[in-house]
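As structure tokens, the structure follows; a few thoughts come after it.
Quick caveat, the model's predicted, so the values are computed rather than measured.
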Amino acid sequence: MRFVATVLLSLAISAGALAQGYPEKQVILVVPFPAGGATDPVARALANRMSELWKQPVVVLNRAGAGGNIGAESVARAAPDGYTLLIGTTSLTIGPSLYAKLAYDVLKDLAPVSQATTAPNLLVVHPSLPARSVKELLALARARPGQLISASAGTGTSNHLSLVLFTSLAGVDITHVPYKGAAPAVADTIGGHAHMTFAPAPASITLVQANRLRLLGVTTAQRFSGLPEVPTIAEAGVPGYELTSWVGLLAPAATPPAVVARIHATLLESLRTPEVRNLLIRSGTEPLGNSPDEFAQALRREIPKWGKIIKAAGIKPE
């Protein structure tokens with residue numbers, strides 16, 4: 001017993017010393033999507049501030065592919081020392097129901113640090129579409145069943161599932177066309193090839209402000225502070241509608257708790273910085289910051305929630 005106690009005490013002291021010295025070199029934030037996407041503004045704002053606080057480089061590395069799974073797997077398999085971290089998104093909780101086989105387990109192979117931001121998807125339409133509200137869009141969809149086209153970043157993405165939830169609750173038929181990312185989906189909506197899309201706010205808010213897209217509503221349960229005059233879809237005509245996207249920070253599962261706590265504290269301090277908060281809100285996201293346990297609980301809640309929506313929509317695992 002004395003030996004075991006000595007070993008445990010030694011391990012605790014070593015972990016504490018590791019956390020006090022962390023970080024001693026460059027930290028990599030892996031973004032599992034292409035550069036310039038909706039996740040990048042959050043990743044780069046956090047990387048810049050965390051680098052200032054730690055006095056060490058914090059580098060954003062885009063490792064795209066397979067709906068975010070390539071980047072996520074690379075972090076799940078990385079050394080659990082706190083030097084390779086994942087900028088995860090809602091896709092982490094969609095993936096287990098969308099893909100027949102994943103090379104990592106979200107709940108077992110990754111250690112949640114904190115959800116950094118939440119954001120709505122924006123229900124936007126081409127300015128030529130004769131719909132200036134959610135109710136007018138629903139009336140148009142009922143008058144032209146299956147004729148309206150909604151673009152998305154791909155099958156099973158949060159903007160696709162935003163449409164699935166919208167059509168199922170409202171009882172309308174709108175045709176889904178998947179693209180290879182949010183950027184081309186938004187571009188084709190601007191070009192008039194698609195009538196509408198549920199675009200990530202960071203990818204579309206400036207286009208709305210430039211009147212290149214018409215904004216009808218936000219997908220979140222409450223109005224977005226960056227667009228307080230815009231109604232939620234629930235209050236605009238589809239009661240019960242709610243879908244929130246998020247961006248969070250995760251580490252490999254075996255990362256020492258003391259290191260996770262150090263990363264968590266730095267992340268929260270970064271989110272409290274006025275410059276970072278203002279930048280995030282302007283880019284279409286809402287700063288959050290919760291505990292590792294709260295983040296873990298959110299992951300456990302969301303996986304079965306998305307599974308039910310995917311099953312109800314008849315989306316088959318790939």
Worksheet item: Looking just at side-chain N and O atoms, do Thr90 and Glu302 make a donor-acceptor pair shorter than 3.5 Å?
Response: no
Fill in: Main-chain N/O of Phe33 paired with Asn62 side-chain donor or acceptor, under 3.5 Å
yes
Practice prompt. Answer yes or no: is there a donor N or O on one side and an acceptor on the other, between the side chain of Tyr179 and the main chain of Val186, under 3.5 Å?
Written response: no
Discussion item. I'd like to know if the side chain of Arg223 and the backbone of Pro228 have a donor-acceptor N/O pair within less than 3.5 Å.
Written reply: yes
Worksheet item: Donor-acceptor pair, Thr197 side chain versus Ala151 backbone, under 3.5 Å?
Response: yes
Response to the item:
What one should report as the nearest heavy-atom pair of His160 and Gly154 is CB-O, 3.5 Å
Discussion item. I'd like to know if the side chain of Asp293 pairs up with that of Ser291 as donor and acceptor (distance under 3.5 Å, no hydrogens or angles considered).
Written reply: no
Practice prompt. Would you please classify the geometry between the Tyr22 ring and the Trp54 ring as parallel, tilted or perpendicular, with 30° and 60° separating the classes?
Written response: perpendicular
Worksheet item: Can you check whether Val75's main-chain N or O pairs, donor with acceptor, with Arg63's side chain at less than 3.5 Å?
Response: no
Item to complete: Examine distances only and state if a side-chain atom of Thr89 and a backbone atom of Ser91 form a donor-acceptor pair shorter than 3.5 Å.
Response: yes
Worksheet entry | Non-hydrogen atoms of Leu85 and Ala251 that approach each other most closely | CD2-CB, 3.7 Å
Discussion item. Could you tell me if the side chain of Leu215 sits less than 4.5 Å from the side chain of Val124, heavy atoms only?
Written reply: yes
Practice prompt. Taking the side chain as every heavy atom from C-beta outward, state whether His176 and Ser150 have any atom pair closer than 4.5 Å.
Written response: no
Worksheet item: Taking side chain as C-beta onward, heavy atoms only, is Ser74 less than 4.5 Å from Val30?
Response: yes
Fill in: Any donor-acceptor N/O pair, Ser114 side chain to Asn290 backbone, under 3.5 Å
yes
Response to the item:
Between Thr285 and Pro202, the two heavy atoms sitting closest are CG2-CG, 3.6 Å
Fill in: Non-neighbouring partners of His126 that pass ring pair (Phe, Tyr, Trp, His ring centres under 6.0 Å), sequence neighbours left out
none
Item to complete: Return yes if some donor-acceptor pair links the side-chain N/O of Ser51 with the main-chain N/O of Ala47 below 3.5 Å, else return no.
Response: no
Worksheet, complete the sentence: Heavy-atom nearest pair, Ala111 first then Pro252, reads CB-O, 3.7 Å
Worksheet item: Which heavy atom in Pro32 sits nearest to a heavy atom in Ile87, and how many Å separate them?
Response: CD-O, 3.2 Å
Discussion item. As a quick check of understanding, evaluate side chain to side chain contact (heavy atoms under 4.5 Å, CB included) for Leu250 and Phe295, giving each step before the final call.
Written reply: CA-CA 10 Å; Leu250 303 97; Phe295 190 6; 3.8 Å; yes
Worksheet entry | Tyr241 versus Ala234, closest heavy-atom pair with distance | O-CB, 3.5 Å
Worksheet entry | Pro23 vs Tyr83 side-chain heavy atoms within contact, under 4.5 Å | yes
Worksheet entry | Sub-4.5 Å side-chain heavy-atom contact between Leu271 and Leu280 | yes
Worksheet item: Charged N to carboxylate O under 4.0 angstrom, Glu52 versus Arg49?
Response: yes
Item to complete: Give a yes or no on whether Leu129 and Leu207 share a hydrophobic cluster (residues Ile, Leu, Val, Met, Phe, Trp, Tyr; joining criterion: side-chain heavy atoms under 4.5 Å apart).
Response: no
Worksheet item: If you round to the nearest 0.5 Å, how far is CD1 of Ile174 from CG of Leu138?
Response: 7.0 Å
Worksheet item: Does Asp188 use its side chain to pair, donor to acceptor, with the backbone of His193 at less than 3.5 Å?
Response: no
Discussion item. Ignoring hydrogens and geometry beyond distance, is a side-chain donor-acceptor pair present between Trp306 and Thr93 at under 3.5 Å?
Written reply: yes
Worksheet item: With a 4.5 Å heavy-atom cut-off, do Ile233 and Leu169 have their side chains touching?
Response: no
Item to complete: Not counting sequence neighbours, list each pair that qualifies as a salt bridge (charged side-chain N to carboxylate O under 4.0 Å, His left out) and has a residue in residues 134-163.
Response: none
Item to complete: Taking Arg214 for its side chain and Pro127 for its backbone only, find out whether a donor-acceptor pair lies under 3.5 Å.
Response: yes
